[in-house]
> 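What follows is a single structure, and I will ask about it in a moment.
Just so we're on the same page: letters track the sequence lines, and every chain starts at 1.
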Protein chains: 2
Amino acid sequence: MGKKQLIMEKAIELFAQQGFELTSVQQITEHCGISKGAFYLSFKSKDELILAIIDQFMSQMISDTDYQVTNTQEDERTLYKFYFTIFKSSQKHSNFAKILMKEQSQSFNKELGIKFRYYDRLLEKIILTMMERLFGEKIENTKHDLVYCIKGFISIYSELILFNDVPVNLDLLAQSLVEKTNLLASQITIPFVTEEIFQLKRLTNDEVTIEQLLAILDQCLNEAEEPLEKESLSLLKQHLLEPSLSPALVEGLLKNVHDYSNCKWVAFLLRNYFELSSDK
Amino acid sequence: MGKKQLIMEKAIELFAQQGFELTSVQQITEHCGISKGAFYLSFKSKDELILAIIDQFMSQMISDTDYQVTNTQEDERTLYKFYFTIFKSSQKHSNFAKILMKEQSQSFNKELGIKFRYYDRLLEKIILTMMERLFGEKIENTKHDLVYCIKGFISIYSELILFNDVPVNLDLLAQSLVEKTNLLASQITIPFVTEEIFQLKRLTNDEVTIEQLLAILDQCLNEAEEPLEKESLSLLKQHLLEPSLSPALVEGLLKNVHDYSNCKWVAFLLRNYFELSSDK
DNA sequence: TATAATAATGACTTATTAGTCAGTTGTCAA
DNA sequence: TTGACAACTGACTAATAAGTCATTATTATA
């Protein structure tokens with residue numbers, strides 16, 4: 001195990017400077033003082049190393065944050081603890097945090113992308129739960145926007161403290177963000193991220209299951225008014241359960257459905273789904 | 001020129017999907033239907049292509065935004081126009097915007113990093129000026145934090161609309177962010193980004209070596225066409241190697257150079273460099 | 001039509017990469 | 001001391017990359 005840990009630590013240093021792509025296994029082994037062969041005794045591939053690093057640190061960060069948030073009794077300290085823990089954690093593992101900032105959005109590696117999205121979602125869940133606990137019903141309509149704002153604060157201030165060698169007073173930073181968050185939570189009235197967008201985002205990013213799709217389809221069918229809309233949806237549902245229509249027919253039905261504003265996103269999901277399954 | 005534009009457009013499509021590193025010149029030329037040799041008739045290297053793309057779009061985005069902000073008379077519309085223009089712009093050039101999100105923070109390529117930071121600073125300047133105009137003295141202590149929050153909003157909501165195929169109501173998004181911004185501007189009291197941190201960040205980030213500056217200068221000299229441009233650049237180069245001109249003369253030369261769009265950022269870098277060395 | 005100039009080609013070179021594997025070294029029990 | 005086993009090595013392969021250049025095609029001009 002010692003060797004595995006050594007490789008991970010040294011690799012993180014290089015990744016933080018150069019990124020995944022531009023760091024070669026050769027470089028990593030030289031930096032460790034071991035041979036190339038030895039590397040492949042510990043990890044099956046470079047990708048496996050990357051995934052292992054992401055897993056180790058993200059689960060640590062997430063569970064630290066979750067622990068602090070769920071175990072702070074006094075509500076007025078919760079937000080502070082949240083921000084403080086996040087920034088403390090990224091300061092402590094600054095090399096890893098730098099990697100995270102650099103590679104996060106670029107999910108060229110399929111599995112890596114899924115992993116990043118998974119942890120991103122965990123964090124989102126923590127934030128959402130925390131906000132619901134702290135502000136309850138008052139933020140029902142704006143809660144998803146609040147989650148986004150908080151994520152925006154974290155990302156932009158992390159960049160500031162990670163990539164600029166400025167002396168940082170974490171206590172002040174946390175206080176400052178708590179004030180901003182409280183202000184927004186108690187006073188914003190115009191939501192942008194609706195429940196619908198939130199769900200849609202969630203679905204499009206993942207491999208949507210057929211059950212989810214059916215549920216959504218049924219909901220649309222219930223709301224449908226025009227006969228054309230109803231019939232198209234119904235045919236699509238049948239095709240979903242038991243593929244029987246030609247691509248051109250499906251395409252036409254999707255176009256029909258797309259004309260009704262409340263069904264635009266179902267059309268999108270279905271198109272995605274059909275393309276995906278026909279590719280395989 | 002037609003060929004150059006074709007290559008840039010096709011390359012953007014590939015870069016947006018795969019990123020710079022994972023897109024080969026071969027792929028680009030195949031996607032254009034031209035040969036590898038033809039590519040190198042238009043661009044000296046893959047890096048030059050990347051820099052050209054960044055320049056084209058960033059200067060467009062920045063000047064669009066600046067125009068909207070400085071030409072909106074009614075103060076209460078300014079913020080709205082600002083947000084709307086930014087998001088409209090990134091929606092219009094969504095492939096480029098995706099590249100930007102992916103590659104922004106990772107400045108592995110030295111010159112690319114400098115370029116990104118240059119445009120980032122221009123945007124920061126626009127935001128700061130706008131906020132000072134709108135809120136004046138009231139935000140003296142918090143203005144840099146406000147700039148950061150706005151940048152955070154832009155970055156996180158851009159990600160949402162670029163990487164998730166959700167139907168977007170830009171009008172609503174802009175309104176929603178205007179409300180948030182106004183709230184923060186009028187009510188936050190705890191600043192974190194002090195003038196000091198702001199200045200410090202500015203200085204530590206721009207370690208441009210004299211060699212890099214010379215290389216960039218030489219490149220501009222090669223591309224320069226107008227005699228005034230050529231002569232000004234040449235004089236600045238001499239002054240860089242062996243300071244001999246008075247500040248006023250240098251300032252004048254920089255102004256000359258600034259008039260030529262392809263040299264704007266060299267002027268910026270030189271101004272920074274001279275100020276830096278005279279400060280110390 | 002003939003000639004010069006320009007544009008475009010793609011096989012080639014050189015460099016680098018991830019990953020392999022036949023062989024070497026070290027360790028420890030019998 | 002010996003033999004068996006695991007840990008380790010690094011030259012090697014195969015793939016892919018950026019960039020070059022002798023050759024060919026196209027266009028403009030006289």
Side-chain angles (χ1 to χ4, degrees), chain A residues 1-55 99 102-103 106-113 115, chain B residues 1-54 99 102-103 106-113 115 215-216 218-219 222-223 225:
Chain A
M1 268 310 142
K3 185 126 296 171
K4 225 169 164 170
Q5 202 53 45
L6 170 76
I7 294 173
M8 285 169 79
E9 272 162 30
K10 296 291 184 184
I12 286 170
E13 292 171 20
L14 294 172
F15 286 153
Q17 289 165 35
Q18 312 168 321
F20 294 147
E21 305 296 338
L22 294 180
T23 304
S24 68
V25 173
Q26 193 93 251
Q27 260 183 291
I28 295 170
T29 57
E30 277 164 16
H31 198 222
C32 292
I34 62 171
S35 71
K36 227 175 163 190
F39 174 90
Y40 285 95
L41 290 176
S42 293
F43 295 96
K44 275 208 289 292
S45 67
K46 188 179 161 184
D47 277 358
E48 199 188 83
L49 165 67
I50 293 171
L51 292 175
I53 289 175
I54 302 294
D55 264 334
I99 297 173
K102 283 178 180 172
E103 312 280 346
Q106 72 186 59
S107 46
F108 305 136
N109 178 324
K110 199 73 182 273
E111 207 177 336
L112 189 59
K115 198 136 258 178
Chain B
M1 267 309 144
K3 185 128 297 172
K4 226 168 162 169
Q5 201 54 43
L6 170 77
I7 294 173
M8 286 170 78
E9 272 163 31
K10 295 294 184 183
I12 286 171
E13 292 172 20
L14 295 172
F15 287 153
Q17 288 165 34
Q18 312 168 321
F20 295 146
E21 305 296 339
L22 294 179
T23 303
S24 69
V25 173
Q26 194 91 255
Q27 261 182 292
I28 296 169
T29 57
E30 275 164 17
H31 199 221
C32 293
I34 62 170
S35 71
K36 226 175 161 191
F39 174 91
Y40 285 95
L41 289 176
S42 292
F43 295 96
K44 276 209 287 292
S45 67
K46 188 179 160 184
D47 278 357
E48 199 187 85
L49 166 66
I50 293 172
L51 292 175
I53 289 175
I54 303 295
I99 297 175
K102 283 178 179 171
E103 313 280 346
Q106 69 186 61
S107 46
F108 305 135
N109 176 324
K110 202 71 183 270
E111 205 177 337
L112 189 58
K115 197 138 256 180
I216 297 164
D218 280 332
Q219 206 187 323
N222 279 336
E223 288 168 10
E225 285 167 2

> How would nucleotides 4-11 of chain C be written as a contact map, 5' to 3', with B for base contact, S for sugar-phosphate-only contact and - for no contact, using protein heavy atoms under 4.0 Å?
----BBB-
> I'd like to know if the side chain of A:Lys3 and the backbone of A:Ala38 have a donor-acceptor N/O pair within less than 3.5 Å.
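It does not hold such a pair.
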> Please give, in whole Å, the distance from D:dG10 C1' to A:Tyr40 OH?
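After rounding, the gap between these two atoms is 13 Å.
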> For B:Ile28 and D:dG19, give me the distance from atom CD1 to atom P, rounded to whole Å.
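Result: 11 Å.
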> Please enumerate all residues that pass salt bridge (charged side-chain N to carboxylate O under 4.0 Å, His left out) together with A:Lys10, with sequence neighbours excluded.
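Checked A:Lys10 against salt bridge (charged side-chain N to carboxylate O under 4.0 Å, His left out); zero matches.
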> Rounded to whole Å, how long is the line connecting atom CD of A:Glu48 with atom P of C:dA18?
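Distance check: A:Glu48 CD to C:dA18 P gives 15 Å.
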> Take the protein atom CD of A:Glu30 and the nucleotide atom C1' of C:dT16, then report the distance between them rounded to whole Å.
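Atom-to-atom, A:Glu30 to C:dT16, this comes out as 13 Å.
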> Can you measure from CD1 (A:Ile99) to CD1 (A:Ile50) and round to the nearest 0.5 angstrom?
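Going from CD1 on A:Ile99 over to CD1 on A:Ile50, the span is 9.0 Å.
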> Do we get B:Lys4 above B:Phe43's six-membered ring, with its NZ or CZ under 6.0 Å from the centre and within 45° of the axis?
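Output yes; distance and angle both within limits.
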> For residues 27-34 of chain B, please give each side-chain donor-acceptor pair under 3.5 Å, one per line with the distance, not counting sequence neighbours.
{"from": "B:Gln27", "atom 1": "OE1", "to": "B:Ser24", "atom 2": "N", "distance (Å)": "3.2"}
{"from": "B:Gln27", "atom 1": "NE2", "to": "B:Gln18", "atom 2": "OE1", "distance (Å)": "3.3"}
{"from": "B:Thr29", "atom 1": "OG1", "to": "B:Val25", "atom 2": "O", "distance (Å)": "3.3"}
{"from": "B:Thr29", "atom 1": "OG1", "to": "B:Gln26", "atom 2": "O", "distance (Å)": "2.7"}

> Categorize A:Thr23 for me: base, sugar-phosphate, or nothing, with a 4.0 angstrom heavy-atom threshold over every strand shown.
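Touches sugar-phosphate only.
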> Does B:Ser24 or A:Gln26 map to a spot on DNA chain D nearer the 5' end, using the closest nucleotide for each?
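Looking at the nearest nucleotide for each, A:Gln26 comes out on the 5' side.
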> Only counting residues at least two apart or in another chain, list the ones meeting salt bridge (charged side-chain N to carboxylate O under 4.0 Å, His left out) with B:Glu48.
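Applying salt bridge (charged side-chain N to carboxylate O under 4.0 Å, His left out) to B:Glu48 gives B:Lys44.
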> By nearest nucleotide on DNA chain C, pick out whichever of A:Gln27 and A:Lys44 is the more 5' one.
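Between the two, 5'-proximity favours A:Gln27.
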> Search all heavy atoms of B:Met8 against all heavy atoms of B:Leu49 and return the closest pair with its distance.
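Closest heavy-atom pair between B:Met8 and B:Leu49: CG-CD1, 3.8 Å.
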> Where do A:Ile54 and A:Lys115 come nearest, in terms of heavy atoms and distance?
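Taking every non-hydrogen atom into account, CG2-CG, 4.1 Å.
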> Can you name the salt bridge (charged side-chain N to carboxylate O under 4.0 Å, His left out) partners of B:Asp47, sequence neighbours left out?
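If we apply the salt bridge (charged side-chain N to carboxylate O under 4.0 Å, His left out) test to B:Asp47, skipping adjacent residues, there are no hits.
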> So which protein N/O to nucleotides 25-28 of chain C N/O distances come out below 3.5 Å?
none

> Between P on C:dA18 and CD1 on A:Ile50, what's the gap in Å once rounded to a whole number?
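Interatomic distance, CD1 of A:Ile50 to P of C:dA18: 9 Å.
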> Can you tell me how far C1' of C:dT17 sits from CG of A:Leu14, to the nearest Å?
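Interatomic distance, CG of A:Leu14 to C1' of C:dT17: 16 Å.
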